[in-house]
Amino acid sequence: MRKLALNDEILLKIEKPARYIGGEVNSVMKDPKQVKVRFAMCFPDVYEIGMSHLGIQILYDLFNRYDDVWCERVYSPWVDLDGIMRKEKIPLFALESQDPVRDFDFLGITLQYEMCYTNILQVLDLSGIPLLAKDRTDREPIVIGGGPCTYNPEPIADFFDLFYIGEGETAYRQLMDVYLETKAAGEGREAFLLRAAREVPGIYVPSLYEVRYGEDGTIASFLPVKEGVPKTVRKEIVMDLDSVPYPQKPVVPYVKATQDRVVLEIQRGCIRGCRFCQAGQIYRPVREKGLETLKRYAVEMLKNTGYEEISLSSLSSSDYSHLEELVEFLMETCREQKVNISLPSLRIDAFSLDVMGKVQDVKKSSLTFAPEAGSQRLRNVINKGLTREDILHGAGLAFEGGWSRVKLYFMLGLPTETEEDIRGIAELSNDIAALYYETVPKEQRTGPVQIVSSTSFFIPKPFTPFQWAKMCTKEEFLEKAALTKRSIREQLNQKRIKYNWHEADVSVLEGVFARGDRRVAEVILKAYQKGCLYDAWGEYFKNDLWLETFEQCGVEIGFYTTRQRKEDEIFPWDFLDCGVNKSFLWREWERAQRGEVTPNCRAQCQGCGAARFKGGVCLEARKEHEE
Amino acid sequence: MRIRVKFAKYGALRFIGHLDVMRFFQKALRRAQIDVAYTGGFSPHQIMTFSAPLGLGMSSFGEYMDVEIHSHQGKEDFLNRLRAVCPEGIEILDAKALPAGTQNAMAGVAAASWEIGFSDPHKSFEKLKENLPGFLAQEEIFVTKEGKKGPRQVDIRPGIHECAIREGKLCILADAGSSGNIRPEEVTERFLSFCKEAMPDHPSAFTVLRRETWENAGTPEAPKFQPLDAMGEDF
Ligand code: SF4
């Protein structure tokens, strides 16, 4: 029987001990003596969140297909166990073997959101791995970062030995082979890192680059310090998604995870090009999976997991070319097997309403629109191709179909935003409520219409046309939220509209991390040492401690958030190549300021640069031009 | 038809709670591709019932689950399918078809037998043994139970049917289920206090194993306990 790292006394004392016992259905056990590489894959947040993440399941499955590699999982211990582990000096362990992470060859940490940065330090700390890469010896694992936040890894560069930029399926094997070679040759960490940077595509080793700053605090130069280390690191990308493995036996947790269902990834990337959206740029070009592949996966995965629900995953499912056939197939299969279908990120139109009417209880479900901005003018600025007519038309159809609950998502603080745009949020919410009463005759109403309008604060992200934009201050954000609230209260149907808004403090901090440079690392380190942890969890976010730490370190928040950047500024992330050219992003930034809409990839290629990968929608579009 | 599945839960899986066990079996039955009956509506549910929940950290060799199925290919096939999809720590012990009209696994529970082990080899085990007859000779054994109207004193003596020391373990057969649930820790605590021994202050100082869950085939006055699947038949 597996021996657990935590004793019964501890397990009975903490919340949800099942988070730490491993042994879940489809988790992989190997004989440690039979493998050459021990890989600990970590999501630096609590188990239920981390277990819901598709990316880890993909790499876990991929790595464990290699006979000489054993990949295991690690998550952030919750605050209760965190305290016990520190007090009793229990080293952080991987779930499968329950062995200390410190003894592994690699610790891979996926970086999905900026607010997990202190949790990275927690994982390193509890593992007994020096927090700063420069303090590590050949005895500790190589610490790798991956995931969307690596598109600006600079604020956390000091904590990582290397970053893997882009999609994991392509270069990890090569990276491990280089590791095994250097190890066999009796060479240590430094030799491995140098070879990885030189030979393996997509690898960024922060210690091999030197950053110099100019008098105004911006970057003057960002250059490799050793010969053969690339000046720019290009992201890794899979061009044929049907040719790479997909986890058909994902690990099924005992405790209810946030994502408690089969997740079927149907495509990567997005054709839309919304100007605030980082995912829409860094995953370019759009690549679809084949219909037959997806059908096979769906059947296999339901059989192997026993989940009672399946969900499609993509940035914009409505743009998947074979959506109708796929959904029809799923509806058929799911009806037989009594499986629920969930269809997030579908555009509301006749087709999707028809499907949703069949797969969910209309009375209990709500419709979701993400206009992101309140006025057409501002929606043009952000290139959100959703018009007022689209929304009202979709809502009208839905009301006729029996829906009466609508959720609306907006952003506050977008570039060029005026009070009028903000009032537009209230007006649009009101118009939808009014439409309900116009559309649905009294005797058919099942209850009052419910509109829930939520706003988040806009945070400019790297590799978007808004990477040059100034972000609002906390005070500006709060004023905007107050104005939204006031305007909603002035509406005729205000009683039918519920308004939610976000915390502003945490948005400001996220803004710093998103576009920060290496000088921010010191703040993160010190804040962690003072007790900041689980910053993504409102109840644990300690804003005062953060502000105090920025002050102490002499790092000015406004430099990273509210400063308008110049066209030729060297950004901390400029050494990365995500396929999309900076000149394209600048062009989009200028068009945004003129309120000009840019067509999507399928309608007309914009020459963003991603065609260099020679595949996906870029080739699709070209074919059409030739015909 | 209704099948009553008997299973064990031990090892690391002692730390998954009752709701998670239920969720586990919902998925396991699907993985095993057993022809389970579902309720109607937009989100159909498997028709299943579990016997008395087991406390976190405890092991058991006497857990039961009822599940309604449409068809099967015999008991062996049923067991093989289910066993093939269960991880270490959940062991399918048996399956029986229930005659029509049998009470469900939850309602049928009348008693449970427990084995309490002490992790630090008890210094005065002989003393415990000596005290047992005296403990059981008491007419009343009161414990404090938290109720809706605040704490109240409850006499658990009538609900204790057996208490013995075997192979270094305290073995208890006591009422369980809706008729009057007696927790093994309660009996242990009362017994130790009778022996003038302190109850270990952390729950991991002793191990609790549920050996069997029983139904009452007799009357409340003259109980005749039999395992919860005794009336089931092979299929
Ligand atoms: S090159 Fe053209 S088609 Fe390809 S991603 Fe860029 S804009 Fe879209």
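Please read all numbers here as calculations on a predicted model, not as lab measurements. Convention: sequence-line order gives letters A, B, ...; per-chain numbering from 1.
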Task: Choice from B:Leu13, B:Val36, B:Val21 maximising heavy atom contacts with chain A below 4.5 Å - done: B:Leu13
Task: Polar contact flag, side-chain donor to acceptor under 3.5 angstrom, B:Tyr10-B:Glu91 - done: yes
Task: A:Asn26, part contacting chain B, at a heavy-atom distance under 4.5 Å - done: neither
Task: Heavy-atom contact with chain B under 4.5 Å, split by part of A:Asn340 - done: side chain
Task: Under 3.5 Å side-chain donor-acceptor pair for B:Arg4 and B:Thr102 - done: no
Open item on the list: Under a 4.5 Å cutoff for heavy-atom pairs, which residue among A:Glu24, A:Glu308, A:Lys358 has the most contacts with chain B?
Closed with: A:Glu308
Task: Engaged part of A:Thr305 at the chain B interface, taking heavy atoms whose separation is under 4.5 Å - done: backbone
TODO: Kindly indicate whether a cation-pi arrangement holds for A:Arg261 with A:Tyr307, taking the cut-offs as under 6.0 Å to the six-membered ring centre and within 45° of the axis.
DONE: no
Task: Counterpart residues, ring pair (Phe, Tyr, Trp, His ring centres under 6.0 Å), relative to A:Phe93 (two or more places apart) - done: none
Task: No-hydrogen, no-angle side-chain donor-acceptor test under 3.5 Å, B:Glu212 and B:Tyr64 - done: yes
- [ ] Name the region of A:Lys13, side chain, backbone, both or neither, that has any atom closer than 4.5 Å to a heavy atom of chain B.
- [x] neither
Task: Partner residues of A:Phe351 under the ring pair (Phe, Tyr, Trp, His ring centres under 6.0 Å) criterion, sequence neighbours left out - done: none
Task: Residue among A:Val255, A:Val252, A:Leu302, A:Leu4 with most heavy-atom pairs under 4.5 Å to chain B - done: A:Val255
- [ ] Name the region of A:Val359, side chain, backbone, both or neither, that has any atom closer than 4.5 Å to a heavy atom of chain B.
- [x] backbone
